[in-house]
Amino acid sequence: MTAKRATVAISHRQTIPGLPGHYTPEAVVVVKEMLKEVTDHLGGMGKFVKPGDNVIIKPNLAFPVGPDDGATTDPRALEALIELIRDEVPGVGEIVVGEGSACLGWIEGLTGDDVFSATGMTTLAERVGVRLIDWEEDERVPVQVEGAVVLPDFEVPRSLHEADVFINLPKLKTHVQGTMTLSVKALQGIFHRADKNRAHAQDLFMKHLETLRYVRPALNIVEGLYAMQGQGPLSPYPGDVIPDFNTLIAGADPIATDAVSTAVVGMAPEELEYCRLGDFYGYGVGKLENIEVRGTPITAVQRDFKRPVRHLYGVFPNVNIYMHGACTVGCISAIRTFLDGLYAQGLLEQLPQPLNIVLGHGTFVPDDLPKDATIVYGDCAAGHRDRGAFFPGCPDLKHIIESMPEFVWGMLPLE
């Protein structure tokens, strides 16, 4: 049987005017030229968008941080994409921008409008005349996923469900939980808050792949103008932001687009579960030998990004870890993300005694751990609930953000 094949295009510039968080028309012109290059290699924007089509674009706006942090989609890329569509497709219908930020529900009082504003999208939308839709507040359409293994049903935002064309504009960045945030991982933003937390441990990769059975972008453009390596998706270490990557990667096949994006940052595509599983189960083409790369060659832009590290043992000063059967993609990566933040701020060294963290089933815990310095996470460790502060459930980053700060800050000496 002949293997399926796919086409992916790359465009690169040595320099791009301006900064993500500071609008300059010259930057939009350059990025629009780059977008035209990659879409022309794929058959032109007119292949994906027709006159009269209503288009919805999904950027990655997972956090309420500024565009210069390299963690959210660059406004220069979004504005250039909107302009290119209008230039290339006369008579196009309404273009809207939709996203359901991952952090909504984590921080009390935070709204989608707050996220749009912090990431520079509110100002952009006013300038170019598009609507912003917070998918957490959008009406929902329940759907069934035939043949699903982990996600048999979920709810789709009505604005996405009714759009004629869905264009995915994710960020090129590493991810402690998912290895990389690219076309497939970015689909997490489609889910309503309750669905975001479903199938979010070892089954995370299959969850997003199964989403493609119902919601499949017509075009995926991985934005790597500023990129992030290391402890993404929101690394607290300044050296993890790469401000001069200046690269766009586009394809109709999200698996193939992610495979090429993974190769561009110095990883083998099979290191990314979305590519390996996506190819195996037929969601797309995940092997480089079956992908035609047009435009800038991979080798011309390739850099060896630091990979995200999920280890908990032997990493952080003043922290003792006690775990046995814990999920790497679940609570381990979530705890690692938060400890990285505390470490980068220099707070762990200030603790008057070590912080003890207990997680996972079958874990050995010494008898002499002080309760006022011990956190027990998750139902798997419920047998140790009396050994310290116990937080039930299946811990994800939301649970840890809600619990660890108050506990750790309570341990810090008062000034």
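Heavy atoms only: backbone and side chains are in, while hydrogens, waters and symmetry mates are out.
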[X]: which of [options] passes side chain to side chain contact (heavy atoms under 4.5 Å, CB included):
| X | options | value |
| --- | --- | --- |
| Lys173 | Val241, Thr181, Ile242 | Thr181 |
| Ile291 | Ile255, Asp253, Val8, Ile298 | Val8 |
| Thr73 | Asn60, Ile221, Thr119 | Asn60 |

Say you draw a straight line from [atom1] of [X] to [atom2] of [Y]; how long is it, rounded to the nearest 0.5 Å?
| X | Y | atom1 | atom2 | result |
| --- | --- | --- | --- | --- |
| Glu273 | Phe280 | CD | CZ | 12.0 Å |
| Leu151 | Leu209 | CG | CG | 11.0 Å |
| Ile400 | Arg336 | CD1 | CZ | 13.0 Å |
| Asn168 | Leu187 | CG | CG | 6.0 Å |
| Asp279 | Lys4 | CG | NZ | 8.5 Å |
| Ser333 | His311 | OG | NE2 | 13.0 Å |

Say whether, by atom type as modelled, one donor and one acceptor occur between the side chain of Thr122 and the main chain of Ser117 under 3.5 angstrom.
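A pair under 3.5 Å: yes.
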
Does Ser101 reach the main-chain N or O of Ala62 with its side chain, forming a donor-acceptor pair under 3.5 Å?
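Answer holds: yes.
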
Whether the [X] and [Y] side chains hold a donor-acceptor pair (N or O, under 3.5 Å, no angle test) is what I'd like checked.
| X | Y | value |
| --- | --- | --- |
| Asn220 | Thr257 | no |
| Thr111 | Asp114 | yes |
| Asp258 | Ser183 | yes |
| Asp340 | Gln231 | yes |

Can you say whether the rings of His208 and Tyr274 are parallel (under 30°), tilted (30 to 60°) or perpendicular (over 60°)?
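It falls in the tilted class, 30° to 60°.
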
Between Glu223 and Lys171, does a salt bridge (charged side-chain N to carboxylate O under 4.0 Å, His left out) hold up when you go through it step by step?
CA-CA 5 Å; Glu223 181 271 296; Lys171 190 73 177 174; 2.8 Å; yes

Minimum side-chain heavy-atom gap [X]-[Y] below 4.5 Å:
| X | Y | value |
| --- | --- | --- |
| Asn318 | Glu349 | no |
| Met323 | Leu312 | yes |
| Val264 | Ile249 | yes |
| Val28 | Tyr23 | yes |
| Arg76 | Tyr226 | yes |
| Val293 | Ile10 | yes |

Determine whether Thr247 and His12 satisfy the following criterion, side chain to side chain donor-acceptor pair (under 3.5 Å), listing intermediate values before the conclusion.
CA-CA 4 Å; Thr247 301; His12 174 75; 3.0 Å; yes

Check [X] against [Y] and note the closest heavy-atom contact, atom names and distance.
| X | Y | answer |
| --- | --- | --- |
| Leu124 | Pro75 | CD1-O, 3.1 Å |
| Leu110 | Leu104 | O-CD2, 3.6 Å |
| Lys32 | Leu84 | CD-N, 3.8 Å |
| Gly286 | Pro269 | O-CB, 3.6 Å |
| Leu359 | Cys331 | CD1-SG, 3.4 Å |
| Thr174 | Lys306 | CG2-O, 3.7 Å |

Go through it in stages, so that I can follow the logic: the residues are Val96 and Val130, the test is side chain to side chain contact (heavy atoms under 4.5 Å, CB included), and I'd like the CA-CA distance, side-chain angles, deciding distance and then a yes or no.
CA-CA 5 Å; Val96 299; Val130 297; 5.9 Å; no

Mark yes when over 12 heavy atoms from residues, nucleotides or ligands other than [X] sit less than 6.0 Å from its [atom1]; otherwise mark no.
| X | atom1 | result |
| --- | --- | --- |
| Tyr313 | OH | yes |
| Tyr343 | OH | no |
| Phe407 | CZ | yes |
| Lys287 | NZ | no |
| Glu289 | CD | yes |
| Glu406 | CD | no |

Run the salt-bridge test on [X] and [Y] with the 4.0 Å N-O cut-off and return the result as yes or no.
| X | Y | answer |
| --- | --- | --- |
| Glu99 | Lys58 | yes |
| Arg131 | Glu94 | yes |
| Arg387 | Asp368 | no |
| Arg307 | Glu271 | yes |
| Arg385 | Asp379 | no |
| Glu136 | Lys196 | yes |
| Lys36 | Glu33 | no |

Would Lys207 and Phe191 count as a side chain to side chain contact (heavy atoms under 4.5 Å, CB included) here? Give the steps.
CA-CA 11 Å; Lys207 169 187 180 177; Phe191 297 115; 3.4 Å; yes

Does Arg303 make a cation-pi contact with Phe245 (under 6.0 Å, within 45 degrees of the axis)?
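Negative - Arg303 is either too far from the ring of Phe245 or too far off its axis.
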
Using the side chain to side chain donor-acceptor pair (under 3.5 Å) rule, pick out the option among His161, Glu162, Glu155 that qualifies with Arg158.
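Only match with Arg158 under side chain to side chain donor-acceptor pair (under 3.5 Å): Glu162.
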
Please determine whether side chain to side chain donor-acceptor pair (under 3.5 Å) holds for the pair Tyr283 and Arg213, giving the CA-CA distance in whole Å, both sets of side-chain angles, and the decisive distance to 0.1 Å.
CA-CA 8 Å; Tyr283 288 99; Arg213 292 181 180 232; 2.8 Å; yes

Could you walk me through whether Phe48 and Ile167 pass the side chain to side chain contact (heavy atoms under 4.5 Å, CB included) test, one step at a time?
CA-CA 9 Å; Phe48 305 100; Ile167 297 179; 5.7 Å; no

Centre-to-centre under 6.0 Å for Tyr377 and Tyr322, is that the case here?
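Ring centroids of Tyr377 and Tyr322 are no less than 6.0 Å from each other.
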
Evaluate Trp135 against Ser159 for side chain to side chain donor-acceptor pair (under 3.5 Å), listing each step before the verdict.
CA-CA 8 Å; Trp135 279 341; Ser159 57; 3.0 Å; yes

Report the C-alpha distance between Val265 and Met180 in whole Å, list the side-chain angles of each, state the deciding distance to 0.1 Å, and finish with yes or no for side chain to side chain contact (heavy atoms under 4.5 Å, CB included).
CA-CA 10 Å; Val265 303; Met180 294 290 295; 4.0 Å; yes

